[in-house]
Structure formats: C-alpha cells, structure tokens
Amino acid sequence: MPASVLVVGGGVAGFAAVRELRRRGYAGELTLVEPQGQPYDRPPLSKEFLTGETDAHRLLFAPPAWFAEHRVRLVARRAERLELDDAAARPRVVLDDGAVLTADAVVLSPGGRPRPLAVPGGDHADVAVLRTRADAERIAARLHLGARVTVIGGGFTGAEVASAARAALAEVTLVSASAAPALTAVGPALAERLHAMHAAHGVDVVEGAVTRIDHHDADAPEADAPHRVHVALVDGTEASVAADLVVAAVGIVPDTALAEAAGLAVDGGILVDEAGRTSHPAVFAAGDAVRRRTAEGAAAAPADPARHWEPAMHGGADVAAALLGEEVPGCGAPWFWSDRHGVHVEGVGSMIPAPGGRIVDRSVRGTVVASFALDAEGRMTGAAAVDDPTAVRAARRIVDRGLLVDPERLADPDVPVRALLRG
Ligand SMILES: Cc1cc2nc3c(=O)[nH]c(=O)nc-3n(C[C@H](O)[C@H](O)[C@H](O)COP(=O)(O)OP(=O)(O)OC[C@H]3O[C@@H](n4cnc5c(N)ncnc54)[C@H](O)[C@@H]3O)c2cc1C
C-alpha cells in the first residue's frame, strides 16, 4: 500500500478517488492538486447553474472543512509536469509555481477540454465554451431577454445550453450537423424526438456545418451584431446567423498532455486497465481523461468513448480500491442522464446495435418513450428513456446480467421493464 497518494485534478473522478481512499480507511498522506481550488461538480453548469436555480456553493462536492477533517491537503495549483525516471523511483509532480511534490502513487484525473471549433474565427476569445464554473458564469451573464445566442453543436451540452438560453427568453439558434445528434446515446427514434423539442420550444434549428465565424467590433457601423456565424447547410445552400453570444459545444478531448509528456501509454485517452492502472506501476488514472485498454495493452474500442459523470466517479473509486490492493467494484454498463426543455433523459450501456442486433422502441400514443438495443441473440445491450428513470434502472440490471428479453414485451408500454428481469 502506498504511504502517500497524490491526485492531479479535483473533478468527480479525482474527488471520488480521494473520498473513497478515506472511506476505505486509508491513513496515508493524501494530496489533491486542483487549480480551481475547492472541487465542484460539472453537470449543473449547463442546467440549474446557467438558469440561476443553483449557486456556486451548491456545486461543491464537500464543504471546505471536509478536507481538513479528512486530512486531505488541497493544493490550488496546476500540475505542469509529471516526472517518472524509472519504474522504481517515486513519481514527481512539478506545479506551476515550480514546487515539486512527490508521492508513492499518483492518480491522474485531469478530465477533458472542449474540442476546438476548427473553422476560421472558431478560436476567437469571444467564442464561449462550457467546461468550468468560470465558463458557465460567463455564459449565464449573457443569457437574457432578446439576446441572440447561437449554440454550435446539438449534443447533450449544446442542447442543455440552448434550453437554458430559451428559459432566459433569449433568441436561440442551434447549429447541428445532424437531425438526430444523440443517436449513438439514445437510439434514432428518441434522438429525433429530443432534437425536435428544440423547434417546439422556439429554438431556430439550423442543420449544417459552421464554416466561419466573423467577429466585429460592436461599435463598427456596418456590424449588425458582434458575431456572424456562417453555415454550409445540409441542402447545399449557405446561411449566416447574427449573434450576440456564440457557444461552441462540439465535444471534448481527453486531457492527456501530462501523461503523454511523462511517457505513459496514450491513445485517444490515457490507457488504463479496469482498475485504472496506466503503463507505469505507480501511476493510475480515471475519468474523462482515460480510455480503456485491452489485456494486451492496446486501446479498446470505441475510439471516442462517451464520457459521462457516473463512469468518471466509479473510475475514481475503482482506483482507490486498486491502490489499497482491494477488489475493484466496477460499475457495470455506463449510465448517464441529461435534461432539456423540461424533460429528463437517461441511458445505459450502448445504443449502437451489435452486428445482427436491433433497436426496439416503446411508444405511448404514438410517441417513443424508450428504446432498447438488443444483440443478435436478443440480449439487451443498451437502453434509453425520456422521463422514466425506473425503466432505465431496470434495464441497467438486465444489461448487467446479460439477460435475454422478449422484444414484443419490451415494446409493450403496459409491461414494466422490471418485469422482464424475471425473463
Ligand atoms: C457542462 C457539463 C455538463 C455535463 N452534464 C452531464 C450530465 O448531465 N450527465 C452526465 O452523465 N455527465 C455530464 N457531464 C460530464 C461529466 O461532468 C464529466 O464526465 C465529468 O465531470 C468527468 O469528470 P473528471 O473528474 O474526469 O473531469 P473534470 O470534471 O473535467 O475534472 C477535471 C479536473 O482536473 C483539473 N485539472 C486539469 N488539468 C490539471 C492539471 N494539469 N493539474 C491539476 N488539475 C488539473 C481541472 O481543473 C478539473 O477540475 C457534463 C459535463 C459538463 C462540462
């Protein structure tokens, strides 16, 4: 067991690692390096925090006193470098003030960064992104009645920002490259239904790819808006949208810089096994920054795994167990949730049907309320539902147990999903 553990990154993965180490009775030295100070949660940033229904204090994972009570040293600095001389030496972490910290084991949980919008003008400082509390504060301050807000990207974050902006009575345009952007997460029918909600809630949905963003000095006489977003529409024509605020939500890239520079195996994420072990015996990793490797050490499919809160949290907790030499609990099929325009979406497992598999939809009065992915043998591999967490909870148990299900009963809204647990 390591006498000291240093965790880099205090998002949900890093905080879960620290909390779980203490919960399991770890009595060694514990340090958490987090440049933003007190660790806080991210999902509310695109929801209640944007709409003003929650505040910064309620985002915190734990009250400030928790860290002293649990003897966790919180270092509000950025880790600049991880130094690993050889497998026998203790890892060293160099901070942005030049200080050097050493520990017997290091956990990397630096999360991800917003994927850059790779078009001319896309990297302008005025193009907002949403990853941190400061990002959310910047966006929230500009959501108000009549503000022209263009959101680029129709995935979960983009959809939530568009929804929050409408709630603030802004004039919202959503640019999406697809008519069903959440397809791989919830299946085609629910993805279409969810995407259609934008138009129903007054969002102007533009289908196409952004080609350029022009930025104007607000006082320039020819400028009708500070920003103009140019879009190549799917029908082959072009459009441009005037905006007071542009938010780019086109995905995230795992933050692998520290790991890569230290010589750890990286391929679309820091490569880890099921316990969060990297290619160096004293370094573990968890959360959005990682990607699972196969037993042979190569990156496992998919190339760009979905990155969600609960798998990140379990990843941190798993690392804690592994550090103590205890059995790693794991979390089964990955689960996520999202909210938009007053509805709650949950999903579990993979909604990309396996070869020979299929998607089964469950509808109520012509509206799809849940979808399930089955493999070629009829085993459920994924599920998603709108406003029905109970169904997803039951589906999760079915997926985790690898149960065969009857597609007809699955499609029948009068059969509770939990009834299928009994076969
Ligand atoms: C706006 C938003 C809304 C979301 N909504 C949902 C949702 O509804 N449902 C869902 O399932 N998932 C949601 N997610 C995804 C979920 O929040 C992430 O999967 C989760 O936060 C990943 O946790 P993490 O600890 O790996 O990374 P992060 O939460 O990104 O934390 C990483 C931390 O590491 C720190 N760090 C980075 N580099 C360094 C360094 N060099 N030195 C020290 N510290 C460093 C950062 O400051 C950061 O605090 C959302 C994400 C965002 C951004």
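Note that ligands are numbered from 1 as they come in the structure, with each ligand's atoms numbered from 1 the same way. Residue indices begin at 1 and follow the sequence shown.
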Asker: For atom 14 (N) of ligand 1, what's the nearest protein heavy-atom neighbour? Residue, atom name and distance, please.
Answerer: Pro43 CG, 4.2 Å
Asker: Considering only heavy atoms, which of Arg113, Lys47, His344, Glu310 lies nearest to atom 5 (N) of ligand 1?
Answerer: Lys47
Asker: Is Arg307 reaching over with its side chain to a backbone N or O of Ile252, donor-acceptor style, under 3.5 angstrom?
Answerer: no
Asker: Would you mind running through ligand 1 and noting each atom that sits below 4.0 Å from a heavy atom of Gly287?
Answerer: 26 (O)
Asker: Taking the side chain from Arg113 and the backbone from Asp255, do they hold a donor-acceptor pair closer than 3.5 Å?
Answerer: no
Asker: In terms of ring plane angle, is the pair Phe156 and Phe336 parallel, tilted or perpendicular, where the classes change at 30° and 60°?
Answerer: tilted
Asker: Using a strict threshold of under 4.0 Å (side-chain N to carboxylate O), is an ion pair present between Arg58 and Asp41?
Answerer: no
Asker: When you look for heavy atoms under 4.0 Å from ligand 1, do you find them on the side chain of Ala312, its backbone, both, or neither?
Answerer: side chain
Asker: If you measure every N/O of Ser338 against every N/O of ligand 1, is any gap under 3.5 Å?
Answerer: no
Asker: Considering Pro114, Pro110, Gly9, Ala285 one by one, which has a heavy atom nearer to atom 32 (C) of ligand 1 than any of the others?
Answerer: Pro110
Asker: Counting heavy atoms only, which of Ala13, Gly111, Gly10, Pro334 is nearest atom 25 (O) of ligand 1?
Answerer: Ala13
Asker: Below 4.0 angstrom from a heavy atom of Asp288, which ligand 1 atoms are there? Numbered from 1 as shown, please.
Answerer: 18 (C), 19 (O), 20 (C), 22 (C), 26 (O)
Asker: Could you give the side-chain donor-acceptor pairs of residues 164-182 under 3.5 Å, partners two or more places apart or in another chain?
Answerer:
| from | atom 1 | to | atom 2 | distance (Å) |
| --- | --- | --- | --- | --- |
| Arg166 | NE | His201 | O | 2.8 |
| Arg166 | NH1 | Ala170 | O | 2.7 |
| Ser176 | OG | Ser178 | N | 3.2 |
| Ser176 | OG | Ser178 | O | 2.6 |
| Ser178 | OG | Ala180 | N | 2.8 |
| Ser178 | OG | Ala180 | O | 3.4 |

